[in-house]
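Scroll down for the structure; my scribbles are underneath it.
Proteins come first, then strands; the chains are lettered A, B, ... in the order of their sequence lines, and each starts at number 1.
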Amino acid sequence: MTEESKPTIDRRRFLTVLGASSGGAIALSGCSTGQVEKLIPYLVQSEDQVPGVATWYSSTCTECSTGCGLHVRTREGRAVKLEGNPEHPVNQGKLCSRGQAGLQGLYNPGRLKGPMARAANGQFQEITWDDAIARLAGKLGPAGNKVAVISGAGRGTFSDLLSDWVRALGGRLARYEAFASEPLRAANRQVFGLDQIAAHDFGRAKYIVSFGTDFLDTGLASIEHARGFARSHGFSERDVAKMVYLAPRMDLTGLNADQWHPIKPGSEAALALAMANLLLTERGARGEGAALRGALSAFTPEAAAQETGLPVATIQQLAREFGAARPSLAVAGGAGSQHAGATEVCAAVNILNYVAGNIGETVRFGADLDTSDGYGALQPLLAALDAGQVDVALVHEANPAYTLPRTSGFAAKFQKAGFKVSTSMYLDETSALCDLLLPQHHALERWDDLRPRAGVHSLMQPVMEPVFNTMATGDLLLRTAKAMGGTLAGFNASSYKDHLQARWQGLAATRKETDFAAFWHGALQRGGVFTDPPAAPRVSLAPRGGQVRYTKPVFEGDGPFVFATYAHSLLHDGRGANKPWLLENADPVTKITWHSWVEVHPDTARKLDVRDGEILRLTSPHGSIEAPVFVYQGIHPDVVAVPLGLGHTEYGSYARGRGVNALDLLGAPAGDFLPYISTRVSVEKTGDYKSLASIAGNSRQLGRGIAEAMSLDAAKKGLTVEQAYLAEGHGKHEINTELELEAIKGWSERQIQDTKDGNYTGDHPRWGMAIDLAKCTGCQACVTACYAENNIPTVGETEIGKGREMTWIRIERYWEGGEEPGQPVTAHFVPMLCQHCSNAPCEPVCPVYAAYHTPDGLNGQVYNRCVGTRYCANNCPYKVRYFNWYKYNQVAWPEPLHLQLNPDVTVRARGVMEKCTFCIQRIRGAQNDARLENRVMRDGDVVTACAQACPSDAIVFGDVNDPASRVARLHQDHRGYRVLEDLNTRSAITYLAKVLLPAEA
Amino acid sequence: MRKLAYVVGGVAAGGVAALLTLGGHPPYAQQANTVADSIVAPVLSASDTGSLKGPRQPIFFRHDIHAGQYKIQCQYCHYSVAVSSEPGIPSVQTCMGCHLVIGGSDSSHQTEIKKLRQAWNEKKPVEWVRVHYLARHAHFPHQRHIKALGPTACATCHGDVQRMPQVFKVNKVDNMGFCITCHIERKVSRDCSVCHY
Amino acid sequence: MAVVAQPHDAPEGHVINQTHAEVTRDVVATLGPPTRGYVLLLLGAVSLFLIGIATFLVLIKDGLGHAGYNPPVFWSVYITTFVFWVGIGHAGTLISAILFLFRSPWRTAVYRSTEAMTVFAVMTAGLFPIIHIGRQWIFYWLLPYPNERYLWPNFKSPLIWDVFAISTYLTVSTTFLVFGLIPDVAAVRDKVSGWRKSIYSWSSVGWKGTDNQWRHYSRAYLYLAALATPLVLSVHSVVSWDFAVGIVPGWHGTIFAPYFVAGAIYSGIGMVLTLIIPLRRALKIEHMIHSYHFDNLAKLTLLTGSILLYAYAMEYFVAWYSGNTFEQTTFYRRAFGPMWWAGWSMIICNAFVSQLLWFRKIRTNLTSLFVISIFINIGMWFERYVIIVSSLSNDYIPWAWDQMNPTWADWGILLGSFGWFGMWFLLFAKTFPIVAIQEIKEMIPMPRRRGGHG
Amino acid sequence: MAFLKRSSKATATRAAGVVASFLHVDAAVDAIRALRAKGYRNLVVYTPSPNHEIEEALEHKVSPVRLLTLIGGLTGCTAGFAMTIWMSYDWPLVVGGKAIASLPPYVVIGFELTILMGALSTVAAVALFSLLMGQRGTPFDPRFSDDTIGIFVPTTPDQLGPIEQLLRSAGAVEVRHEAA
């Protein structure tokens, strides 16, 4: 192919940056025959790097506070993929999109190249580290205790060091993060007197009620939750725990619920308390329950019905079902339901769980999940800033200038600090306000550890040379201490690594480990030290724990609609907005990429006479934003919602000026947390229109049986999809006569014979896949994994507008029901990728054999043979072939982003068709290894990127010809079906039908 | 046979310049199983490199001396060839392993070795000029070929390096025809996706 | 001594009141120095062609992205135009070859122009497979040429059938045209002088019109016609299989081959009318091509148009009768979906407008014929656009459905193709006898001493 | 096209005989019949367009062109199938679960090549018969391609007189002697 992939970098930098390199390594495998003119050997050969062979390091994810374990795949000294660490108790080998995109944080073009200081002219100019540290020390000296530090760093050695450091200075420290679950913590304090956040065991729950908590996607420990949810709700134990979602808006968790009740915003507490009340009255109270009885008696179902807008019967039924299932689980909290009364909701839910006897069963205290202190802790510091009591302000791993609403006046207050320092890796909104930028190492470049929960000590290690001239903030603190001496003289560790190891010496001691070196290396290999969480403390009601309240929600302003904003599935609090993977990967609910949107209920849309894409102006007492409409059935008619995370004013070329910042509509937070649902807005049409950059075509299946589903009892009876249909009384859908059927049968047999003639005999593997729709939650971790593994270019907003996204695997989200009023709408997800058909319609039409069938049953695509007639794409009934309309390979990976490219996968040039290859590079790699070890391939030798990432383990890959393999067994599953089977494509992917609970069960 | 077949094909194809069929047969080097028992490398100095085939290298490294005369195994320097798809370019450290001690017999050798030591001291790796290059859309797992053809199989593609004062390209290893001819003659897989993915 | 004669088999109304000498004279006259209008037309054509070239260069530079492609619509205007031009060609071969076999006398005056149209239309069509592929510079990989990679094309692919069908069609029809030209060029050779004479005498390859030459020539011409005839039917059948072989609902139809052939001839005759109505005036040959010819052309149009009407009806009927939800959806959306306008303009322009030709008045009125011919051209372009784009835009997986809008890149290439075609046609009309001299003469019996018929 | 050029240049070598021009077809036919009766069989008759009567008068046999057309066609057909099948097996690849060499699609190629070779060989045949084997150096008059019928009788000088006589009596408007 003629075009170079993104140039093979200027090689000198590669050396200096990566310290190592070798021919094939730098030659990022691109579709090019252009010569690499130089071969540059290692100066010193490191033992654990063999060119052409991947080296794996374990580390810890820092993209959110959950603290999942990582396995980092490195090639020739550069990280090329992030995967979950199977030994890590939190995520057990799985990783969400945000975590995987950490790689693009590492290679982000927006990263600061080195320390910078604001010059006289107000511009930043590069300085040396010595100079930088000197400047910082110089300012800290006179500042004395007038020092304020905002840190978003998770609980761990660094945080401890930082707080000691600040304490030594006598300064103020606030651990601040946007989504800190303050209400949960507060409620736990209030009800149980426990200042911690419990872990939730969704796996054991028989009945799940979520009061607006997006526990599968943006909530705490979503991977862990998805894993548990798949067990309880995924028909894995041949049963399905019912999940009810109670919130004004249906987020990804809501789409996975068996029932969604659109209650009025802010009324969750009333409902929870009424349920608790019903449980008590109907089940008779025992022990402490009796105490509660009085407190709860006020909360009648009728009152709740009044508040929520739900019929009394529904509430009663909810309560009964919830009580009947042991154990059950009710969850609350999260940005999506964070209104002024959020703490009351969490408290009420605590009571509900307590009454239902779930505490200690599915609600596990003692795990003590790590969250930052949040806005409450930030307030005094802001006050101090405002009062001008701060001379030196340091911001670390936090971006309050963006994550706090303008009305909070953070910028103004922050400006009052004499000297402002940021350790951010990027020039974000906060660091743009600073005088000194001391960019820290990315998590993959530094030594560190995290304690995301009790019993989990998770290590980070540098997996490669730093990409830029950055410094671990730990080292920065220590070197500054050295430079300053005085109060900081105590910090005398020679480097942060030594400090860390010293701390781990202590850990080793507590664990009676004698040989520290062995302990340390073992920990590094496993990714940390994992012990069982301390036994759950005896949880009982706090003295005043029973005194729960429900205050009617009040929303600022007098607009007709309540304005709701929520954590973006991929961009989170906005930290994802500089990573093309997260921008290009569609929001799992709306399937919109790259820009903001306003969710409006169809009825409301009809009233306002607006359609998808019409730009609305939302105006609250505090400001107004404009965004295109997305008409969404999953939202309360009185609510309009806009996701957080976009509308950056800084934060690199990808984020800057993209979309709108929903926070602009919020008022200055009064309480201990930031209420995301607190204002009313008026809505007006701007008359402008923007075609949504959505990857959704038609969201209805039109009865084509693409995402099949069957009722629970049908599934329990072991019926096939067709039998289930017949059982439901549908007529047999068969248009062929007996003779025709015979003919068709004979024909397909003839074709099977033909494929045998093409030496497809059993002695070859036949690669295949099984996807369990009962488990798939539509989280799209697989999509990001595919982008990362297969060098898929991101094409950008305009191209996606033309339907030209390159998602080799996409999650199709089909709406069911919701057509006539009153009928509930539900979503069916189906991951759609190349089906690797045996009778692939795409193959025979290719004039040059670029699409053909490999002996091991893959639907091969030879990029360098492809001339680009696109006939295969036309003829593919699954529409999973993607074409390089432009030279995407030259724009998708601006330096240094191209360092993330997987050297094992060809980068496709323009004019070439591409598609899912079942990660053939992994298959061939495994075959090579097996051959070197003189053995045959074993089941599990090959795991595709999507299967590896899937948090709920819905995707299984393997050899269908090997009857022992897991996938072969799943291919025999009674729920199994093939999409568009009537076309006799004999696809290699078997889908397992989703299992539905009867509407009223 | 194949030639004949080709002529048939050529005619059938409308007789498109059947001469192309000659081009259809890439030169195919016989595997040099006969390990050079007694090669005495000629005495050359860097100034002679101009007359030699192949690109001129920053250091006039003599494969004929190392691999030929002193019979150092290929894998001693190209350490990863048997375990990886990449043959591995020896690190400067590897060179220094010997050349800390060995300073070279005559002046021409000494000048070259000096360059090496200089590179080592300045921590600047030597930038060798690439001789064999494979298009990036073709994957060639060296380890599989060493496994199948044995450790002396290098010559199959790279020619008799043991006799090369300066390495040059013997075979069109970057032409698919070269690979395919061998795969056909050895009756091994011709499946596209073995190399192209 | 002008002899007024009746051709042996010409029906009433078809009279050529001319002697052989006059025929030669008039036809040679058409090759005279170009008029102002001609030059302007030619310039217009060339500039359109240049627009096409410019667009193509941009496509090669950046990739096909500039065109309005919007997956799942992976083929659109370029393939549409390709099929359009291939179709145009068919009328020419039909008139020159098939009608020759049927000994239908009226073809004589028009067949040369239509045959020329065929050649240039196919020449135009031939460009599109190259233009529309993603990596235009390696289009030759579609040809079975021996190469060191031991790779051959996939003969199971309809696109390879196309390569063979189109190139064969181009070669044979060119041969047919050139072959027919030889005696006429000889006639011109003997009328002109100077450098033109030398050119014509070279290109008349030493034709003298001896009995022996005529003997082989007429035979060969017969066989060429006989060979070209199945070709007409085959080429567009093959093109139709590009779609019918695919599984896309709306493509996968058994009636496609006859349906496309009829459509092709229909569109071709539309183009013939569009071309020769102005041409005959421009070249002052009204007395050779007159209402009688147009009446026959119009009848042919009516026939093929009615076949199309039937085919359209049949497509919808089968879609309904099949009970196949995919087919049904496709055809429902073709009529009432987002592209209803295209669907209906195709049906109206082709199936309905042609029905007007039942009326003799309209058939013989050149103005109305010309207008109708324009409708036909537009309608037939839309037919292909609808079949390709609307079928692709909604096939099996609803999630992938999407619409496409053509862009400047699409229109640029489309205009360019018209320019390229027009350019060649105009040049041809000025260089070679656009009316077949010797065949006209064949229809005018030579004078006899004894008068009357021999 | 070289050979065609040659044939036209070759008119340099001229044959001796008589050239007569006729404006009336029946006259020409009479002349031909008379000449043939007298045993002059190797006449060359020029007409601006083919003419049944003259052909009848000359009693030509059917042109052998058709034989080459047939051969060409058959070659094309075989070539078509041979090529497709051989190439399929030369590097066997399975597509869409179809047989390596599946004949139905190959019929198209076979057909197209049949037509192609058929047509080309037909033209070649004409070139062969009428231009290469055609009468070289026969005299020619521009009017023959316009509206005049010409008859050339190659003969020996002694016969010129009687033949001219015959032609004129048949109604030749002009008679010319061609010297060798």
Side-chain angles (χ1 to χ4, degrees), chain A residues 1 4-5 8 11 15 20-25 27-46 50-53 76 849-850 852 854-856 858 860-865 903-909 917 919-921 923-925 927-929 931-932 934, chain B residues 55 57-59 77-97 116 119-148 167 169 174-176 189-197:
Chain A
M1 308 199 178
E4 282 283 338
S5 65
T8 52
R11 199 159 296 290
L15 259 178
S21 89
S22 104
L28 299 179
S29 43
C31 290
S32 162
T33 45
Q35 294 281 332
V36 168
E37 68 295 333
K38 290 279 193 288
L39 277 173
I40 300 162
Y42 291 95
L43 193 61
V44 178
Q45 174 63 38
S46 67
V50 178
V53 178
E76 287 78 51
Y849 282 118
Y852 80 108
T854 71
D856 46 357
L858 293 174
Q861 177 67 16
V862 187
Y863 308 125
N864 44 308
R865 178 66 172 169
D904 295 337
V905 179
T906 308
V907 173
R908 283 76 58 185
T917 61
C919 287
I920 187 169
Q921 67 279 10
I923 298 177
R924 296 293 174 247
Q927 284 169 334
N928 289 347
D929 300 346
R931 179 75 181 75
L932 289 188
N934 300 316
Chain B
Q57 300 288 357
I59 294 179
C77 300
H78 301 286
Y79 51 94
S80 66
V81 73
V83 297
S84 162
S85 56
E86 295 289 333
I89 309 300
S91 66
V92 182
Q93 197 183 23
T94 315
C95 309
M96 290 305 288
L116 174 72
W120 175 250
N121 297 331
E122 292 170 4
K123 299 273 167 277
K124 286 205 6 270
V126 190
E127 298 192 9
W128 301 104
V129 178
R130 189 157 198 164
V131 178
H132 294 90
Y133 183 82
L134 199 56
R136 290 169 197 163
H137 49 71
H139 298 258
F140 181 84
H142 274 89
Q143 75 271 40
R144 285 292 292 266
H145 292 81
I146 296 294
K147 177 88 178 171
V167 176
K169 203 163 88 179
D174 49 356
N175 284 20
M176 179 171 160
S189 171
R190 263 201 287 166
D191 175 38
C192 318
S193 72
V194 167
C195 311
H196 298 301
Y197 51 81

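Counting heavy atoms from C-beta on, the side chains of A:Thr906 and B:His139 come closer than 4.5 Å.
Minimum heavy-atom separation, A:Tyr863 to B:Tyr197: CE1-C, 4.0 Å. Of all non-hydrogen atoms in A:Pro51 and B:Gly88, the two that sit nearest each other are CG-CA, 4.1 Å. The two residues B:Lys147 and A:Leu932 make their nearest non-hydrogen contact at NZ-O, 3.3 Å. Here the shortest heavy-atom pairing between B:Ser193 and A:Arg924 reads OG-NH2, 2.7 Å.
A donor-acceptor pair is defined here as one N or O able to donate and one able to accept, closer than 3.5 Å; such a pair exists between the side chain of A:Tyr852 and the backbone of B:Cys192. Using a distance-only test at 3.5 Å, with no hydrogens or angles considered, no donor-acceptor pair links the side chain of B:Ser80 to the main chain of A:Val50.
Take B:Val194 and apply the side chain to side chain contact (heavy atoms under 4.5 Å, CB included) test, not counting sequence neighbours, and it matches B:Ser189, B:Asp191. Residues forming a ring-ring contact (aromatic ring centres under 6.0 Å, His included) with B:His142 (at least two apart in sequence, or on another chain): B:Phe140.
Interface remark: of the candidates B:His196, B:Met96, B:Arg144, B:Arg144 forms the most heavy-atom pairs closer than 4.5 Å to chain A. When each of A:Asp929, A:Thr917, A:Ile920 is scored by its heavy-atom pairs under 4.5 Å with chain B, the top score falls to A:Ile920.
Heavy atoms closer than 4.5 Å to chain A are found in the backbone of B:Ala82, but not in its side chain. Both the backbone and the side chain of A:Arg931 have a heavy atom closer than 4.5 Å to some heavy atom of chain B.
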